[in-house]
Amino acid sequence: MDRYNPAQIEAKWQQVWKQQGSFTIPNPEVAEAAEPSRKSYVLEMLPYPSGTLHMGHVKNYTMGDVLARFRARNGLTVFHPMGYDAFGLPAENAAIKTGAHPADLTRINTDNINQQLHRLGVSIDWSRELATSDPEYYKWTQYFFLKFFERGLAYRGEAPVNWCPSCATVLANEQVIQGNCERCATAVEPRSLAQWFFRITDYAERLLHDFDLLKSWPERVITMQRNWIGRSGGAEVVFRVAELDLDVPVFTTRPDTLFGATFFLLAPEHDLVQKLVEGTGYENPVRDCVASARLKPLQDRAVAEREKTGEFTGRYAINPANNEPIPIYVSDYVLMEYGTGAIMAVPAHDQRDFEFAVKFDIEVRQVVAMPGAEAGAGAMTSAFEGDGVMINSGRFDGMPNREAGRAIIEWLSSEHLGRAAVSYRLRDWLISRQRYWGAPIPIVYCDRCGTVPVPEAELPVVLPEVKDYAPRGRSPIAASEDFVNTACPACGGGARRETDTMDTFVDSSWYFLRYTDPHNDREPFDRAIVNYWMPVDQYIGGVEHAILHLMYARFFTKVLYDIGMVGFKEPFTNLFTQGMIYYKGAKMSKSKGNVVNPDEHVEKFGADTLRLYILFMGPPELDVEWQDQGIEGSFRFLGRVWRFVNEVIEKTEALTAGAPEPEGASREMSGLLGKTHRTIARVSAGISERFRFNTAISAVMELVNEAYLVKESLLGDEEGRAVLRFVAETVVSLLDPFTPHLCAELWQRLGHKDIWRQPWPQPDERRLQETTYELVVQVNGKVRDRLQMHASASKEELAAAARSSRRIAGYTEGKQIVKEIIVPGRLVNFVVK
RNA sequence: GCCGAAGUGGCGGAACUGGCAGACGCGCCGGACUCAAAAUCCGGUGGGGCUCACCCCCCGUGUGGGUUCGAUUCCCACCUUCGGCACCA
């Protein structure tokens, strides 16, 4: 018998798969007529080609591959493509350092990753490979920008934005983590700049509503998105500034507390601040307050524990509930970005307002009584934010506060003083970046015609060559005169091109659609084809994309649905988020120097061993710790499989397919046969139902262990050899999704071909049940004996057997059995007194 | 502070709808094979106690309560770790 030599075997089969294009799946001839219930789109998040694949990628792509291979062998037409999220800062930053072109660096990296993926043996349809930085791809990214622009979903606006000084570009809200840049952790600065946005807020309600269409999305991902969108129901209420004849709307979630509003607040950035304070004598302190708020870094401003500051404007607003004038202040705890940038302050029922009122000595008027407490008794020491009965609120007194809120909205509406309203935390998606390596925004500015979209026929707007990639607060392509100066598409006169590029999250918001029709040069994809393959049946990736990528892709899909380009509202029906791999107690990272390189392990043990180990480590959704010696166990196991199967091949004869039905079966023989069928059932369920790859693998290990123990005795006669042959073939067949190279080789040696195309084994229902089992006998819940019982034994038989146990007698002697609990197949429990 | 997930041997982890806690693997200990080693194969391995002949007893799934014949599993309170959000009116 030759030794298990993964290097040789893996190279051999990778070559076969590549030459035969074994996993290439053509589009259906007539997509409209194709039966979608037989297809399965298995997708892993595409890699960002910043260098080479790390362990997280290996886990991601191995999981996807196990699923793809398993589903293919279960008769589904599996769609399993791969590409590269190739635009982005790492390549550009490397270009700045080395002077090499980002496109060249990207090509080197994608080639690298392509090879790594081949060496892992993943069953990818390589004919659909794409890179988002190819003009053939980003042409369509630009096309979608134009479609968004046409519909008013892409707009340019001046707004306070997050500027990362290190990356020298603006960032979307979603890319700011605790006030720091998501990429480089530099503190972001507020700036006011004209930028391009996608109107994702228009889709806030549908993004929330369509969670219903998602199956098996992790609850926490949905919760994170829900919190991010941050829907609040309440009311818009208009406060009047009589002296200036101004109406200022506020948003509140607590219309029930309207009678308790004793002051009014504006955000420092609010348009009306200047107008209000003019001529009151309070100009200077207010101006200082506004200026200092503008300078304050965003993360400092967002600290709840900070002491409240603010300035009186010298003006009063009328509370529409009781027509009382209340003072107007400016304070930086009011955010311009949320609601209307102005609030009614109710110190009795909002802790922040309470703190402000205490500091500025403003009346605290309670309008919701605390249940149990005497109404209005004594001074409050903090705001009461709970529910209760209305007081001090005119004709609403005595109502439960929630009900009063609805009544007050109704009354406000009838008086045209307000209405029911909804507010979202979500803000529009800022997509322009002042950097080079991205898709140019296809817009031209003309002095006469204004902002003009580039006509579709002129796409792509190709990223120009530049000499210097360094960012200087504007995109490096702004320095390219040939690029910037152009003719206006509308009037033909001189005009300038937009020089910002798009956020790379735009690129990855639709790549899964392009896979379905990747070489189409007339349109981004064919409608019938995309509707056949989509939606993705199983998406797999890291939880770090819970908000960013997954929300943007959902938004994009909904817009395309509205345009009529796709026939589905959600892109990813099922989502699985994998846990991270830790090493030495921390996330792997270059800076910590605790990176485990997959290539080294592929070289040392082979890809099959690495694939097996990474799934055997633990439940795939949890974070797990890499153990250096753990992988050797997986290698040893594959060696054990190798020796077992080869020995069986040597000592038994090839048989016609099918499970053996030995007649003169020994106990070992039928025991092993039953175990084999149970293993088939366990592995099938483990893969298909709950991604329980770790226990599926351990089930096969158990089977192999048992086969080793009875092997010698079974080799002695013909029926025993038939059983062993069946066991060997089953083990190979079940392991194939996990360790495809080894299994392809052993399958061939067993005299068959192309295991990746063979039907998945089915268990024999009749052999799943064991004929005997160990009955646990308890006295007062403690295990006191175990008895071998026949599977068909009745309750009465079980009780009788348990009672006649000598051991049990020792515990029940002289006592009274008050209760017998009999669970067939498990236990008998005597309760004694 | 709020929301969510998780706490099980020396380690990674198993345990279906409440029913034998510790499957499987790592590590460790012992044996076989060998001139020897590696590899391989076989056995043992939660803690404590015992007239430790492996028979048996007690304890044990973060902590403290509860429900139940029976709880890693269900309920209540708390502790710890990790993730998300955090002046959002």
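Every chain is numbered from 1, with letters handed out A, B, ... down the list of sequences.
Comparing B:A89, B:G12, B:G27 by their closest approach to the side chain of A:Q629 singles out B:G27. In this structure, of B:C69, B:A89, B:C24, it is B:A89 that holds the atom nearest to the side chain of A:F251. Looking at the side chain of A:T695, the nearest of the listed nucleotides B:C20, B:C57, B:A15 is B:A15. Distance from the side chain of A:K819 is smallest to B:C69 among B:A15, B:C69, B:G12. Considering only side-chain atoms of A:F616, the nucleotide from B:A89, B:G12, B:C59 that sits closest is B:G12. The A:L827 side chain lies nearest to B:G19 when the options are B:G19, B:A14, B:C69. Of the candidates B:G84, B:G19, B:A89, B:G84 carries the atom nearest the A:M224 side chain, counting heavy atoms from C-beta on. Of the candidates B:A89, B:C59, B:G13, B:G13 carries the atom nearest the A:N694 side chain, counting heavy atoms from C-beta on. Proximity note for A:V783 (side chain, C-beta onward) versus B:C20, B:A89, B:A86: the nearest is B:C20. In the set B:C24, B:G19, B:G25, B:G19 carries the atom at the smallest distance from any side-chain atom of A:I821.
Counting atom types as modelled, A:R682 pairs no side-chain N or O with a base atom of B:C24 as donor and acceptor under 3.5 Å. With hydrogens and angles ignored, a donor-acceptor pair under 3.5 angstrom links the side chain of A:Q778 to the base of B:G19.
Spacing between atom CD of A:E337 and atom P of B:A89 amounts to 14 Å, rounded to whole angstrom units. The distance between atom CD of A:E307 and atom P of B:C87, rounded to the nearest whole Å, is 17 Å. With rounding to whole Å, A:E632 atom CD is found 13 Å from B:A38 atom C1'.
Separating the C1' atom of B:A6 from that of B:C57 is a span of 35 Å, rounded to the nearest Å.
Residue A:E621 forms a salt bridge (charged side-chain N to carboxylate O under 4.0 Å, His left out) with just one option from A:R220, A:R692, A:K59, and that option is A:R692.
With salt bridges taken as basic N to acidic carboxylate O contacts below 4.0 Å, one links A:R231 and A:E205. A salt bridge between A:R425 and A:E337 is absent, with no side-chain N of the basic residue lying under 4.0 Å from a carboxylate O of the acidic one.
A ring-centre distance under 6.0 Å is not found for A:Y329 and A:F264. A ring-centre distance under 6.0 Å is found for A:W626 and A:Y613.
At a threshold of 4.5 Å between non-hydrogen side-chain atoms, the residues A:F644 and A:K711 count as touching.
Taking 4.0 angstrom as the limit, A:Y613 places none of its side-chain polar atoms (N or O) nearer than this to OP1 or OP2 of B:G25. A sub-4.0 Å separation between OP1 or OP2 of B:G25 and a side-chain N or O of A:N705 is present. Residue A:R692 places at least one side-chain N or O closer than 4.0 Å to OP1 or OP2 of B:A15. At the phosphate of B:G27, OP1 or OP2 sits under 4.0 Å from a side-chain N or O atom of A:R636. Look at A:R425 and you'll find a side-chain N or O under 4.0 angstrom from OP1 or OP2 of B:A86. OP1 or OP2 of B:C41 has at least one side-chain nitrogen or oxygen of A:R640 nearer than 4.0 Å. Taking only side-chain nitrogens and oxygens, A:R784 never comes nearer than 4.0 Å to OP1 or OP2 of B:C56. Look at A:K782 and you won't find any side-chain N or O under 4.0 angstrom from OP1 or OP2 of B:G19.
Glycosidic conformation at B:G44 (O4'-C1'-N9-C4 for purines, O4'-C1'-N1-C2 for pyrimidines): anti, more than 90° from 0.
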